[in-house]
Asks: 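Dumping the structure here so I can ask a few things about it.
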Number of protein chains: 2
Amino acid sequence: MPATSPAREKCRTCRLHSLCLPRELPQGDTSELARIVQTRRPMKRGTYVLQAGGHFQSIFAVRTGSVKTSTLLPSGDEHISGFHLPGEILGLDAIASRSHPSTSVTLETSHVCEIPFTELEHLSERIPALQRQLLRIMSRELSTEQSTTHLLARRSAEQRLAMVLLDFSQRFANRGLSARHFRLPMSRSDLANYLGLAPETMSRTFRRLEARGLLSIAGKAVVILDPIALAELVDGASGGS
Amino acid sequence: MPATSPAREKCRTCRLHSLCLPRELPQGDTSELARIVQTRRPMKRGTYVLQAGGHFQSIFAVRTGSVKTSTLLPSGDEHISGFHLPGEILGLDAIASRSHPSTSVTLETSHVCEIPFTELEHLSERIPALQRQLLRIMSRELSTEQSTTHLLARRSAEQRLAMVLLDFSQRFANRGLSARHFRLPMSRSDLANYLGLAPETMSRTFRRLEARGLLSIAGKAVVILDPIALAELVDGASGGS
DNA sequence: CGGTACATTGACGGGTCTCAACTCGAGTGG
DNA sequence: CCACTCGAGTTGAGACCCGTCAATGTACCG
């Protein structure tokens with residue numbers, strides 16, 4: 001048995017190590033971080049990780065499974081602002097207001113790590129590399145959000161769908177999974193909602209891209225057949241067949 | 001003459017003090033911050049504050065005037081991701097990649113403060129309150145971006161316009177200006193671009209809201225006549241008549 | 001006063017939403 | 001083993017909003 005306790009190992013031995021908070025942290029600092037991280041029992045599909053309006057206390061890291069984040073609009077319907085895969089952080093949008101502006105729910109059975117924010121702040125005062133990583137993560141989220149905004153402003157249904165599929169492809173690849181075959185964790189309506197489309201339009205658009213041989217879809221299973229053509233579609237190049 | 005030099009005063013005496021980085025910082029720390037802040041000569045309309053692709057070195061704070069931030073899409077056209085008023089910070093989306101993902105240009109003659117990021121990081125290691133404020137600012141931007149995303153997904157031209165006008169109204173009010181009468185700093189096409197609409201649609205939508213007595217517009221001068229009706233419009237409440 | 005870029009207005013076409021019916025698959029119980 | 005139920009997903013028809021194209025009007029600046 002090594003000198004470090006199992007609890008101190010959990011971040012270092014986590015396979016998401018290099019995507020999550022401990023990225024580029026020396027081993028000793030990673031152990032310190034692991035001490036304040038609370039792992040929890042797996043959450044069943046549909047469990048709330050955090051709820052809109054709730055007091056901000058911790059940020060969360062997805063360890064396995066997937067999570068969707070949404071906001072309830074005053075008009076009564078929800079808007080889904082993002083889907084989170086293992087290694088991604090939830091709750092960073094609550095730091096300023098000290099209360100969560102959005103709600104996060106598991107899309108399947110998932111493990112989520114809780115990181116009490118006050119302790120994280122104190123720790124990052126002593127570990128500048130941790131502070132830098134925190135800023136980097138938030139900065140990355142900012143540019144991702146901006147891309148999403150570009151996507152929704154003025155792009156066709158085909159472009160939106162192509163773009164979100166390539167996005168997932170990339171993110172799965174970053175996690176060591178296939179970039180060409182994967183399973184979408186969310187329902188069609190959730191995906192449509194996220195893209196600002198009607199579910200019917202999604203369905204038709206899937207069909208059209210399938211008919212053109214760009215991809216193949218069966219239920220939630222996606223196969224990317226022509227990533228280059230999809231990328232050209234996103235870029236707005238009117239690549240006529 | 002006080003013991004502190006004029007350079008050390010500049011943040012403390014800045015009227016945007018409470019909106020900007022020094023917010024809630026004790027006076028001594030504000031002076032330390034002021035030492036690394038570089039004020040510059042006023043920039044004429046159309047001057048680049050930072051350029052996409054450029055190496056990330058500093059973040060910037062708008063002191064007077066206004067700035068627009070945009071991205072050049074691969075398809076060739078630009079998408080405007082935001083407008084910045086005095087007290088707001090530019091360049092935070094470049095921390096992760098160390099290079100600017102977007103371009104920022106002044107919309108009118110403006111003063112901009114430059115804050116070298118490495119020095120800011122070092123300073124915030126010594127001043128935890130500064131680090132907290134930095135995180136707060138980024139967190140606030142994250143939730144703002146998310147609202148923008150909600151706005152663009154699935155909202156009508158009327159709702160988008162109403163929402164951006166109320167947003168500006170609020171931000172002007174926060175700066176001690178009138179929430180009902182103000183001047184939009186950007187062109188119609190820029191506003192249309194930001195909202196993901198055609199300029200023609202913007203124009204027609206302005207007309208329609210004017211005809212209903214919700215606002216009055218002459219060139220860039222806006223008068224909000226019925227803020228409540230505008231807010232109901234944004235919320236999607238189909239407020240009769 | 002002339003030029004240029006920006007803003008408005010109108011007519012038209014197309015993409016997407018809405019409403020509705022239908023299909024399909026999973027889970028359940030007979 | 002099969003019928004039933006329920007919800008998600010799909011498919012079709014029609015309407016509407018908004019983008020495009022083109023012309024006109026207007027403000028700004030030399």
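Model, not experiment: these values are computed from the prediction.
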Asks: Measuring centre to centre across the rings, with the benzene-like ring taken for any Trp, is A/Phe182 within less than 6.0 Å of A/Phe168?
Replies: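 No - the distance between ring centres of A/Phe182 and A/Phe168 does not fall below the 6.0 Å cut-off.
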Asks: Side-chain donor or acceptor of B/Glu158 under 3.5 Å from a matching atom on the base of D/dC17?
Replies: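 Answer no: no donor N or O sits under 3.5 Å from an acceptor.
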Asks: How long is the straight-line distance from OG of A/Ser97 back to CZ of B/Arg136, given to the nearest 0.5 Å?
Replies: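 One gets 11.0 Å once the value is rounded to the nearest 0.5 Å.
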Asks: Please determine if a side-chain N or O atom of B/Arg207 lies less than 4.0 Å away from the OP1 or OP2 oxygen of C/dT9.
Replies: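 So the side chain of B/Arg207 is within the cut-off, an N or O lying under 4.0 Å from OP1 or OP2 of C/dT9.
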Asks: Does OP1 or OP2 of C/dT16 have a side-chain N or O of A/Arg204 closer than 4.0 Å?
Replies: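 No.
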Asks: Does C/dC17 have its OP1 or OP2 closer than 4.0 Å to a side-chain nitrogen or oxygen of A/Thr201?
Replies: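 Affirmative; the distance criterion is met.
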Asks: Might you point out which heavy atoms bring A/Arg160 and A/Gly196 nearest each other, and give the distance in Å?
Replies: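 Reported closest heavy-atom pair: NH1-O, 3.6 Å.
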Asks: Under the 6.0 Å and 45° cation-pi test, does B/Arg180 pair with B/Phe172?
Replies: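 Ring-cation test returns no.
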Asks: Whole angstrom is fine here: how far is it from CG in A/Leu191 over to P in D/dA8?
Replies: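 To the nearest whole Å, that distance equals 15 Å.
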Asks: Closest nucleotide of DNA chain D for A/Arg154 versus for A/Phe206: which of these residues is on the 5' side?
Replies: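 Looking at DNA chain D, the more 5' nearest nucleotide goes with A/Phe206.
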Asks: So, OP1 or OP2 of D/dT10: does either fall under 4.0 Å of a side-chain N or O from A/Ser203?
Replies: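 Answer yes for this pair, as a side-chain N or O of A/Ser203 is under 4.0 Å from OP1 or OP2.
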Asks: Could you tell me how far apart B/Arg188 (CZ) and C/dC6 (P) are, to the nearest whole angstrom?
Replies: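 For the pair B/Arg188 CZ and C/dC6 P, the rounded distance is 13 Å.
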Asks: Is any side-chain nitrogen or oxygen of A/Ser189 closer than 4.0 Å to OP1 or OP2 of D/dG9?
Replies: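 Answer is yes, contact under 4.0 Å.
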Asks: Quick one: B/Ile217 CD1 to C/dC6 C1', roughly how many Å, whole number?
Replies: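 Between C1' of C/dC6 and CD1 of B/Ile217: 14 Å.
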